[in-house]
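Scroll down for the structure; my scribbles are underneath it.
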Protein chains: 2
Amino acid sequence: MPRPKEPTDFAEDALIARIGKRLSIGPRAAPALRLGLGDDAAILRANAAEDWIFSTDFSLEGVHFRLDTHPPDAVGYRALARAASDLAAMGSEPAFFLLSLAIPRARAGRWLDAMLAGMRRAARRLGLRLVGGDTTCWPQVAISITVIGRAAPGRAIRRDGARPGDLICVSGRLGGAALGLALLLQKRRAAGGKAAIASRRNSLLRPHLYPQIPVALGLHLARQRLASAMMDLSDGLSTDLARLAKASRVKARIHLDRLPAVRVPPALARRGIRAETLALNGGEDYGLLFTVPAARASRIPRAFRGSPITVIGEIREGRGVEAADAHGRIRPLTSAGWDPFRRSS
Amino acid sequence: MPRPKEPTDFAEDALIARIGKRLSIGPRAAPALRLGLGDDAAILRANAAEDWIFSTDFSLEGVHFRLDTHPPDAVGYRALARAASDLAAMGSEPAFFLLSLAIPRARAGRWLDAMLAGMRRAARRLGLRLVGGDTTCWPQVAISITVIGRAAPGRAIRRDGARPGDLICVSGRLGGAALGLALLLQKRRAAGGKAAIASRRNSLLRPHLYPQIPVALGLHLARQRLASAMMDLSDGLSTDLARLAKASRVKARIHLDRLPAVRVPPALARRGIRAETLALNGGEDYGLLFTVPAARASRIPRAFRGSPITVIGEIREGRGVEAADAHGRIRPLTSAGWDPFRRSS
């Protein structure tokens with residue numbers, strides 16, 4: 001399948017743009033609206049002291065999880081964590097969520113209880129409180145979550161604020177979730193495609209099954225006014241950085257030898273799993289991707305609450321994303337992260 | 001299949017209660033939260049002049065619409081109208097919405113454009129503006145919509161405020177949507193189960209395909225402080241009234257000869273389709289069900305913007321719902337409306 005050359009070719013982005021265009025209903029006065037489509041989340045001005053941040057996320061059987069592979073509590077945990085990641089990416093504080101749940105009758109017992117237990121654990125950790133929802137009976141499991149967060153007025157960090165000279169930073173390790181998923185699918189194949197629910201104890205699987213959302217780091221960056229642009233790493237660095245660069249109308253250059261890539265166990269490396277590929281294109285790490293003006297570079301912490309923060313490149317004049325290798329050779333970086341409309345689901 | 005005897009037996013209500021219980025995370029301070037689970041929508045205090053109202057709703061292929069039966073623009077129109085109905089039911093003014101959309105690749109072209117055109121028409125009519133969303137590729141069409149409305153502080157009308165002596169009112173005709181659906185399914189059977197997209201011009205189908213949401217009436221009832229309790233008629237009067245009575249801890253008595261039932265064409269009446277059954281148990285009319293203290297009865301309009309308002313009964317001490325027939329005989333009314341977990345989907 002040919003890869004898209006430009007992030008503008010991304011099928012999902014094109015679809016979102018089309019939906020926005022078709023549904024736009026003209027310049028209706030909406031004084032509370034601060035930011036609509038196109039970022040991680042929408043921003044409404046609730047009052048003089050607070051903006052409220054809104055985002056919505058699907059977690060669908062067969063796309064975001066498999067019933068024969070993912071432990072039910074991980075399904076619940078991830079569904080809420082993924083949604084909350086958009087709040088962290090704006091530097092906002094998670095507050096409330098609404099849950100819409102479609103499940104087959106046969107899953108409405110023990111499976112549901114275990115799924116809800118995982119979601120409850122995520123809710124506690126993330127500070128999210130359930131305020132509403134919808135349930136229905138359906139042949140497949142579909143979870144839709146809307147999260148509501150808070151930020152000081154005007155302080156939420158958008159993805160369009162990067163300027164030439166800014167440093168490009170990421171939090172956490174890159175590729176850990178993709179490595180966990182690769183392991184999971186490999187176990188599944190080894191089991192002959194039969195049901196093989198993953199062990200929750202395997203530490204290599206944890207970044208995929210129970211992603212940690214850097215809410216506190218996002219808040220810190222917003223409160224300290226450190227980041228000029230920010231988004232979450234949900235679809236993979238090569239894709240997400242292209243989106244940030246496009247929104248900010250700048251070029252991003254990263255240095256491949258600086259990527260905080262996950263360590264790939266030798267047995268997997270021998271099978272061709274490459275750390276750099278996972279780091280560039282593996283999605284669902286849910287770390288933060290952000291830019292910091294050079295004048296504030298000295299205030300970038302080396303780590304935050306145990307998670308490393310790495311400067312991986314810089315913003316330049318121009319468009320697109322390029323990568324420099326260890327020898328200083330520069331090439332354009334193809335957006336090869338997750339795109340639901342390009343892969344078979 | 002045995003019918004439930006009490007609304008508390010309702011499978012969907014029980015599931016919602018279970019989710020709420022399993023996900024509750026203790027008495028965490030949430031000063032903005034005015035109303036959480038259990039009503040049509042949640043209420044958050046945005047500022048001294050405004051409450052913001054939140055609700056979320058699924059529209060799923062095979063449950064809420066069929067791709068081989070429903071015109072795509074009706075799928076879009078209904079999805080947004082159904083969600084907005086929860087805002088009308090609180091007496092709030094629709095403002096914003098988020099759209100999560102899962103569709104097969106093959107539907108992402110013309111079908112999607114037509115669906116979005118229907119949704120745009122509903123958005124215009126309802127005063128809703130798109131501010132965010134999520135899209136993904138999936139074998140089935142799943143639409144999840146979160147709506148945000150506004151109300152004056154403390155003025156949103158809940159379903160738990162009905163008191164003995166209050167009059168029970170409904171807006172619009174009852175059973176029109178169920179009649180439209182019955183016609184639609186009959187046409188489908190007549191076509192031998194083959195694709196038979198409904199004509200948008202058939203006026204009997206319109207209440208099902210393009211439900212009118214009485215937003216202005218809801219606002220009027222809230223602003224005039226006329227209604228003591230309110231909800232929307234989404235699952236059918238017998239079920240929805242039981243929910244209102246249960247939330248308010250009262251008994252509801254309706255008079256069957258006062259129901260503003262849809263007129264069933266003779267050809268359909270001969271096939272056993274009864275207006276009273278449709279009026280009692282047919283869902284998706286999306287009229288308003290509300291109670292008015294007797295002292296304010298004279299202020300109940302007979303119609304509002306062309307739609308009739310009918311007093312169908314009164315609230316009494318006790319629990320449950322009962323129906324009086326034309327001879328004054330009173331019997332308990334069974335909740336026999338729509339319950340996704342009791343029917344096969």
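Order of the sequence lines fixes the chain letters, A, B, ..., with proteins taken first and strands second; residue numbering starts at 1 for each chain. Just the heavy atoms: all of them, side chains too, but no hydrogens, waters or symmetry mates, feed the values below.
Of the possible polar contacts, none joining the Arg22(B) side chain to the Arg120(A) backbone as a donor-acceptor pair under 3.5 Å is found. Using a distance-only test at 3.5 Å, with no hydrogens or angles considered, a donor-acceptor pair links the side chain of Arg18(B) to the main chain of Gly109(A).
In terms of non-hydrogen atom pairs under 4.5 Å with chain A, the most contact-rich of Asp113(B), Asp57(B), Ile148(B), Leu44(B) is Asp113(B). Ranked by non-hydrogen atom pairs under 4.5 Å with chain A, the options Asp86(B), Asn47(B), Leu99(B) are led by Asn47(B). Of the residues considered (Ala46(B), Ala102(B), Ala117(B)), Ala46(B) shows the highest number of contacts with chain A, using heavy-atom pairs under 4.5 Å. Among Leu60(B), Leu33(B), Leu98(B), the residue making the largest number of heavy-atom pairs under 4.5 Å with chain A is Leu60(B). Ranked by heavy-atom pairs under 4.5 Å with chain A, the list Ile43(B), Leu112(B), Leu116(B) is led by Leu116(B).
Scanning both residues, Trp138(A) and Val63(B), for their nearest heavy atoms gives CD1-CG2, 3.1 Å.
Heavy-atom distances place both the backbone and the side chain of Ile19(B) under 4.5 Å from chain A. Using a 4.5 Å cut-off between heavy atoms, Gln140(B) touches chain A through its side chain atoms alone. Interface residue Ser55(A): only backbone heavy atoms are found under 4.5 Å from chain B.
Proximity of His64(A) to Thr136(B): side-chain heavy atoms (C-beta onward) are separated by under 4.5 Å at one or more points.
Taking the six-membered ring for Trp and the full ring otherwise, Phe54(A) and Phe97(B) have centroids separated by 6.0 Å or more.
Thr56(B) and Ser100(A) share a donor-acceptor pair across their side chains, judged by distance under 3.5 Å alone.
Here the CD1-OG distance, from Ile143(A) to Ser144(B), works out to 11.5 Å after rounding to the nearest 0.5 Å.
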